[in-house]
Amino acid sequence: MSDQAVHTSRGLDPADTARRLKAIFIGSVGNLVEWYDFYAYTAFALYFAPKFFPSHDPVVQQLNAATLFAAGFIVRPLGGWLFGHIADRYGRRLSLTVSVLMMCFGSLIIAATPTYETIGFLAPALLAFARIIEGLSLGGEYGASATYLSEIADPQHRGFYSSFQYVTLIGGQLTAILVLLLLQNVFLTHEQLVDWGWRIPFVIGAMLAVTAMLMRRHMEETEAFTAAKKATKQTSSLRGLLKYPREVAIVVGLTAGGTAAFYTFTTYMQTFVKQTVGLTDIVTTYVIAGSLIFASILQPIYGMISDRIGRKPMLIFFGVAGTLLTVPILTALSQTKSPFVAFLLISGAWIFVAGYTSINAVVKAELFPTSIRATGVAVPYALTVSIFGGTAPAIALFFKQQGHEQWFYYYLSGVIFISLLVYATMRDTKHQSAMHRHE
C-alpha cells in the first residue's frame with residue numbers, strides 16, 4: 001500500500017496508522033537498547049576508570065576513559081558503511097538486527113574483562129576492543145534506524161515520528177542513569193559499586209540487546225526499500241554515494257555543530273557537573289537525569305513543529321542560539337554551586353540543542369533517494385560525529401587539564417557557527433524531499 005493510498009479526506013487509515021506505530025515502536029526500542037549499552041560506559045566511568053587506568057589524578061583517569069570513548073567513534077564511519085550497505089542492499093530490518101547483536105557482544109566483553117590489577121595493560125586493551133565493537137554497531141544503528149523511521153512514517157508526520165530516534169537515544173542514557181541511581185541508592189554501597197557493581201549495567205545491556213534482536217527479527221520491511229529493490233540496479237554503496245557530493249557535504253556541515261553540542265550536554269555533562277561544578281555523585285546523577293527528561297519531552301514537540309513550518313527554521317534557531325548562548329551558559333554553569341541552577345542552565349541549553357536533535361535524522365533521510373539512503377545518512381554522519389562528537393569530552397578534559405577549561409566553550413560555539421552557515425544556505429528538505437525517489 002502506497003503513502004498516497006492510505007490518505008483519505010478524513011486523514012490516515014486507522015489500521016495503517018497502527019501498523020506504522022507498531023513498526024516505529026519496535027525500531028525505537030532497539031535504538032534505546034543500543035544507546036543504553038553505549039552510554040552505560042559514560043554513566044559508570046566514574047566508578048570503573050580507576051580499575052582500568054591507575055592514576056593519582058582523577059582528571060587523568062577520566063581523560064583516559066574519555067579517550068577510549070572517542071575511540072569508539074573513530075570506527076563509526078566503518079560501521080556506517082558496513083551496515084548502511086547491508087540496509088541498502090539487503091534491507092533495513094537485517095541491518096538493525098545484526099547491529100544490536102554486535103552491541104550485545106561488546107557489552108558482555110566489558111562486563112567480563114578483568115581489571116588492570118589482574119591482567120595489566122591487557123585490561124584497557126580489552127576495554128578498547130569492546131568499545132570498537134560497540135562503535136561499529138552504533139555507526140550502523142544511526143543510519144539504518146534514521147532511514148527506517150523516516151520511511152515507515154507517513155509523509156505528513158515524518159518529522160514527529162522520526163524525532164523518536166532521539167527520544168529513544170536520550171532514553172538510552174536515561175535508562176543508564178536510572179540503573180546508576182538504583183545501584184547507588186538501593187542495592188549497593190559506594191565501595192561495592194567501585195569494586196564490582198559497575199559490571200552490572202553491562203550485563204543488563206547485553207540481556208536487553210538480545211531481547212531487542214528478537215523483536216527486530218519480526219519487523220516489517222519498509223515499502224520504500226521494497227520498491228527501490230525492484231526499480232534499481234544493485235551497485236556499490238560507496239560508488240553510489242559519490243553521485244551525491246552536495247548531499248554528503250550538507251550532512252557533514254549540518255552535523256558538526258549539532259553533534260558537538262549534543263555530546264557536550266549529554267556525555268560530558270556527567271563529568272563537568274561533578275568535577276567543575278563540584279556536586280556529589282548522586283546529586284550529579286539527579287541533575288543530569290532531570291535535564292535529559294526535559295530534553296526527551298522537547299523532541300516530539302519540535303518534530304511536530306517542523307512538520308508545520310519546515311526543517312530549516314528549526315536548524316537556524318539552533319545555530320543562532322547555540323552560537324550566541326553556549327559560552328554564557330557554560331560559564332554560568334561552571335560558576336554555580338546550586339544543583340537547581342545547574343539543572344536550569346543545562347535545560348536552557350536543550351531548548352536550542354533540540355532544534356537540531358529532533359529533526360536531524362529526517363533531514364538527512366530526506367536528502368537521499370531510497371537506494372542509497374541508509375549509506376548516505378550513516379557514513380558522512382558517522383565521520384563527522386567521530387571528529388566533532390565523540391571527541392568533545394576528551395577535548396573539554398584536555399583544556400581543563402591545561403588550566404583553560406573556558407577555551408572549550410568557545411570551541412563549541414565556533415563549531416555551531418560553522419553549521420549555522422550550512423543551515424542558512426541548504427534547502428528545506430520538508431519541501432524539497434528525495435523520499436519519493438527510488439533510483
Side-chain angles (χ1 to χ4, degrees), residues 1-29 31 87 92-93 96 142-170 219-228 231 247 250-251 254 258 296-318 354-374 376-377 423 426-439:
M1 185 181 295
S2 67
D3 287 333
Q4 290 77 14
V6 300
H7 284 81
T8 70
S9 59
R10 296 182 179 178
L12 292 174
D13 177 80
D16 183 77
T17 300
R19 174 184 66 85
R20 294 177 191 270
L21 287 174
K22 179 181 178 182
I24 287 169
F25 173 76
I26 295 174
S28 298
V29 166
N31 192 52
R92 311 338 187 182
R93 177 177 57 196
L96 289 168
Y142 178 88
S145 64
T147 299
Y148 186 83
L149 293 178
S150 298
E151 289 180 349
I152 207 71
D154 70 271
Q156 292 179 336
H157 304 94
R158 201 167 272 139
F160 171 71
Y161 285 130
S162 65
S163 72
F164 282 90
Q165 183 183 37
Y166 267 76
V167 172
T168 52
L169 191 156
I170 295 171
M219 290 170 65
E220 66 171 288
E221 192 53 82
T222 68
E223 295 170 0
F225 171 77
T226 303
E247 286 75 10
I250 290 174
V251 171
L254 74 88
S296 297
I297 294 170
L298 290 179
Q299 305 305 310
I301 295 173
Y302 281 31
M304 284 191 292
I305 294 173
S306 80
D307 284 328
R308 300 293 292 273
I309 69 173
R311 323 298 186 206
K312 188 170 180 176
M314 308 297 294
L315 292 172
I316 290 178
F317 166 65
F318 160 68
Y356 163 82
T357 56
S358 60
I359 62 168
N360 82 94
V362 71
V363 170
K364 291 160 191 167
E366 289 172 338
L367 285 169
F368 296 94
T370 305
S371 60
I372 197 66
R373 185 169 295 132
V377 172
Y423 305 149
M426 66 181 286
R427 72 179 189 261
D428 192 322
T429 58
K430 181 187 185 304
H431 305 300
Q432 301 179 56
S433 172
M435 293 295 293
H436 63 285
R437 291 163 47 197
H438 300 318
E439 74 270 14

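Because the structure is predicted, anything quoted here is derived from the model rather than measured.
No side-chain donor-acceptor contact under 3.5 Å links Arg311 to the backbone of Asp428. No donor-acceptor pair under 3.5 Å is formed between the side chain of Tyr161 and the backbone N or O of Ser150. At least one donor-acceptor pair closer than 3.5 Å links the side chain of Asp307 to the backbone N or O of Phe160. Under a 3.5 Å cut-off, the side chain of Arg92 and the backbone N or O of Ala144 do not form any donor-acceptor pair. In terms of modelled atom types and a separation under 3.5 Å, the side chain of Lys430 and the main chain of Ile309 share no donor-acceptor contact.
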Practice prompt. Go through Gln299 and Leu169 one step at a time and tell me if the side chain to side chain contact (heavy atoms under 4.5 Å, CB included) criterion holds.
Written response: CA-CA 11 Å; Gln299 305 305 310; Leu169 191 156; over 6 Å; no
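In this structure, Tyr166 and Tyr302 have side chains that are not in contact, with every pair of non-hydrogen atoms separated by 4.5 Å or more. Between Pro300 and Val167, the closest side-chain pair of non-hydrogen atoms falls below 4.5 Å. Residues Lys364 and Thr429 form no side-chain contact, since every pair of their non-hydrogen atoms from C-beta on lies 4.5 Å or further apart. Side-chain contact check for Lys312 versus Val363: every heavy-atom pair is 4.5 Å or farther apart.
With values rounded to the nearest 0.5 angstrom, Arg308 atom CZ is found 12.5 Å from Met314 atom CE. Here Ser358 contributes atom OG and Met304 contributes atom CE; the two are 10.5 Å apart, rounded to the nearest 0.5 Å. Note that the CD1 atom of Ile305 and the CD1 atom of Ile359 stand 10.0 Å from one another [nearest 0.5 Å]. The OG1 atom of Thr168 lies 9.0 Å from the CZ atom of Phe164; values are rounded to the nearest 0.5 Å.
The nearest pair of heavy atoms linking Ala361 to Gln165 is CB-OE1, 2.9 Å. For the residue pair Ser162 and Val362, the shortest heavy atom distance occurs at OG-CB, 3.1 Å. Looking at every heavy atom in both residues, Val377 comes nearest to Ala146 through CG1-CB, 4.1 Å. In plain terms, the two heavy atoms of Ala365 and Arg373 that are nearest each other are O-NE, 3.0 Å. Considering all non-hydrogen atoms of both residues, Gly303 and Ser306 come closest at O-OG, 2.7 Å.
Using cut-offs of 30° and 60° for the angle between ring planes, the Phe318 and Tyr356 rings count as tilted.
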